[in-house]
Undergrad: 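One structure, pasted below without further comment.
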There are 2 protein chains.
Amino acid sequence: MGGPKKPEQERCDAILAAAYEIALAEGLDAVTARRVATAAGISTGLVFFHFQSKDGLLEALLGVLLDGTLDALSDSGLARLEPWDRLERMIRVELERLVEYHDAVELIFAFYFSRRDDLFRARIESSFGRYLAAFSPVCREVAAGTRIQGDELAATVVALVQGALIQAIRNPETFNPESILATLRAVRPA
Amino acid sequence: MGGPKKPEQERCDAILAAAYEIALAEGLDAVTARRVATAAGISTGLVFFHFQSKDGLLEALLGVLLDGTLDALSDSGLARLEPWDRLERMIRVELERLVEYHDAVELIFAFYFSRRDDLFRARIESSFGRYLAAFSPVCREVAAGTRIQGDELAATVVALVQGALIQAIRNPETFNPESILATLRAVRPA
DNA sequence: GTGGTCATTGACCGCGCGATCAATGTAGAG
DNA sequence: CTCTACATTGATCGCGCGGTCAATGACCAC
């Protein structure tokens, strides 16, 4: 027994990487302590040593997923554009970015729906909240001086992006963000 | 051993009802043969006698869920309305109906994301397909004579409805379909 | 060297799962 | 009444899971 020692973070990263791979390849259910340990080339016990419980491991994995997708909001300098152009640009960037990572997004949804308790949901919920908050300012600007309510527009935009994500997950090969963007451009008030 | 005999369908319905209750109350993971049997007041073996396998039971349960929600499209006679009014009406009806059954819809998403294979996905996918098909005709009418493409509009509408569903699942108490409907009305071309 | 700290191992425990099956009860046909 | 077909039971099997732990190795301070 015993073996080579490695610094905590390096080990944790390796375990998480193994868990990530298994989850991507075979789904959340396949992420068991034994399989992760084997994939990482370590023993079962070490997984619990570093993450306390399976839930601890999954929470950490969810954190990695969120950091790489929902929480990685780009706020490229778009201040010079018209509000409508900024909003359209944001939607385009988000659609393209999240569609690119559709498999990670799929895992996030799998996390969300795998449990009814708050362990994962609260975490995901707060990411979604930040997502809405990121769209809110420009939506308010777009709505200013029109019949549209800013917060209602923001809710609609987020719903549209989420729905588009579902479609991208359902059929990544044929889903095309341009369909949605073209429709948006067509209904844009002059 | 042995016990009172009941006709096949009656038993199956009872088993499915028990499974449905457990799934709604505690999630898909809680649907095990033992628990369903206990809830239905029968023995474990009888579940397998009637449904062959756990997957068989889950497939049947998914069928019940889809029949009650996605597949229950209302095609109330709206032929007299303008295309835009018809579309808006369809969206309103669907939002209100599916939000009412948000817990069943949540279970459908749980089915979808619980597995990566086609066992459940194909079934759900075909229901989503019918959903899109139901929106397509009116979307084509709405798009006729505008810059909008009918099929792109339909894809956008379905994405919007799906995204709204996610929001309704996330927060059933505060979600309000009117936010989205008001925004749609505001962007409607004159 | 020696001692202490901590990462690491892998056997082990108890559990609940899906599934099986011989035994048994029930109902209807003849 | 008997025979047959079938619904029903519950003990049972094997499995993989999450989690634990005493033993052991590696490393560092002195």
Side-chain angles (χ1 to χ4, degrees), chain A residues 1-23 25-62 107 110-111 114-117 119-120, chain B residues 1-23 25-62 107 110-111 114-117 119-120:
Chain A
M1 304 177 184
K5 289 172 86 165
K6 284 205 175 182
E8 165 141 3
Q9 191 185 327
E10 193 172 333
R11 268 282 187 256
C12 286
D13 288 350
I15 294 173
L16 282 175
Y20 197 116
E21 261 182 52
I22 294 175
E26 306 185 51
L28 265 194
D29 286 345
V31 180
T32 71
R34 275 166 181 74
R35 298 200 48 173
V36 169
T38 302
I42 59 174
S43 68
T44 326
L46 203 51
V47 174
F48 293 98
F49 179 80
H50 284 293
F51 291 94
Q52 287 72 56
S53 64
K54 188 191 175 180
D55 277 357
L57 172 63
L58 289 179
E59 275 193 76
L61 176 58
L62 176 57
L107 272 181
F111 265 102
S114 69
R115 299 258 210 124
R116 299 174 73 87
D117 60 63
L119 181 60
F120 303 143
Chain B
M1 303 177 183
K5 288 171 85 164
K6 284 205 177 182
E8 165 140 1
Q9 191 185 325
E10 194 172 332
R11 268 280 188 258
C12 285
D13 288 350
I15 294 172
L16 282 175
Y20 196 115
E21 261 181 54
I22 294 175
E26 306 184 52
L28 265 194
D29 286 345
V31 180
T32 71
R34 275 167 181 72
R35 298 199 49 173
V36 169
T38 302
I42 57 173
S43 70
T44 326
L46 203 51
V47 174
F48 292 97
F49 179 79
H50 285 294
F51 290 94
Q52 285 75 52
S53 66
K54 188 192 176 180
D55 277 357
L57 172 65
L58 290 179
E59 276 193 75
L61 176 59
L62 177 57
L107 272 181
F111 265 102
S114 69
R115 301 257 210 125
R116 299 174 74 87
D117 59 64
L119 182 60
F120 303 144

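This structure is a prediction, so every number in the text was calculated from the model and none was measured. We name chains A, B, ... by the order of the sequence lines, and we start the count at 1 in each one.
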Undergrad: Just how far, in rounded Å, is C1' of D:dT20 from NZ of A:K54?
TA: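 From A:K54 NZ to D:dT20 C1': 17 Å.
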
Undergrad: Looking only at the side chain of B:H50 (C-beta and beyond, no hydrogens), which of the listed nucleotides D:dC17, D:dT8, C:dT9 gets closest?
TA: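 Selected nucleotide: D:dT8.
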
Undergrad: Ignoring backbone atoms, establish whether A:T32 has a side-chain N or O less than 4.0 Å from OP1 or OP2 of D:dC17.
TA: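 Yes, within the criterion.
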
Undergrad: Between P on D:dG18 and CG on A:L57, what's the gap in Å once rounded to a whole number?
TA: 9 Å

Undergrad: Round to a whole Å and report the spacing from CG of B:D29 to P of D:dC17.
TA: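 One finds 15 Å between P of D:dC17 and CG of B:D29, rounded.
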
Undergrad: Indicate yes or no: at least one non-hydrogen side-chain atom of A:I42 is less than 4.5 angstrom from one of A:R11.
TA: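 A:I42 vs A:R11: side chains touch.
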
Undergrad: Whole angstrom is fine here: how far is it from CZ in A:F51 over to P in C:dT8?
TA: 12 Å

Undergrad: I need the CD-P distance between A:Q52 and D:dT20, as an integer number of Å.
TA: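 Computing the A:Q52:CD to D:dT20:P distance gives 10 Å.
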
Undergrad: Could you check how far CD of B:E10 sits from C1' of D:dA7, rounded to whole Å?
TA: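 From B:E10 CD to D:dA7 C1': 13 Å.
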
Undergrad: Compare the minimum distances between each of C:dT20, D:dT9, D:dG19 and the side chain of B:S43, then state the nucleotide with the smallest one.
TA: D:dT9

Undergrad: From C-beta outward on A:L46, which listed nucleotide comes closest to its side chain: C:dG18, C:dC17, C:dT9?
TA: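 Out of C:dG18, C:dC17, C:dT9, the nucleotide with an atom closest to A:L46's side chain is C:dT9.
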
Undergrad: For B:I42 and D:dT9, give me the distance from atom CD1 to atom P, rounded to whole Å.
TA: 7 Å

Undergrad: Going by heavy atoms in the side chains, are A:L16 and A:F51 under 4.5 Å from each other?
TA: yes

Undergrad: Using the side-chain heavy atoms of A:F48, tell me which of these nucleotides is nearest: D:dT20, C:dT9, C:dA19.
TA: D:dT20

Undergrad: Classify A:R34 by what it touches in the nucleic acid, base, sugar-phosphate, or nothing, heavy-atom distance under 4.0 Å.
TA: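 Base, at least one base atom sits under 4.0 Å.
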
Undergrad: State plainly whether the residues B:R116 and A:D29 are in salt-bridge range, i.e. N to O under 4.0 Å.
TA: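 No, no charged N to carboxylate O under 4.0 Å.
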
Undergrad: If you measure from CD1 on A:I22 to OG1 on A:T32, what distance do you get to the nearest 0.5 Å?
TA: 7.0 Å

Undergrad: Write down the distance between CG (B:L58) and C1' (C:dG18), rounded to a whole number of angstrom.
TA: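 One finds 12 Å between C1' of C:dG18 and CG of B:L58, rounded.
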
Undergrad: Is there a side-chain contact between A:I15 and A:C12 (heavy atoms, below 4.5 Å)?
TA: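 They are not in side-chain contact.
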
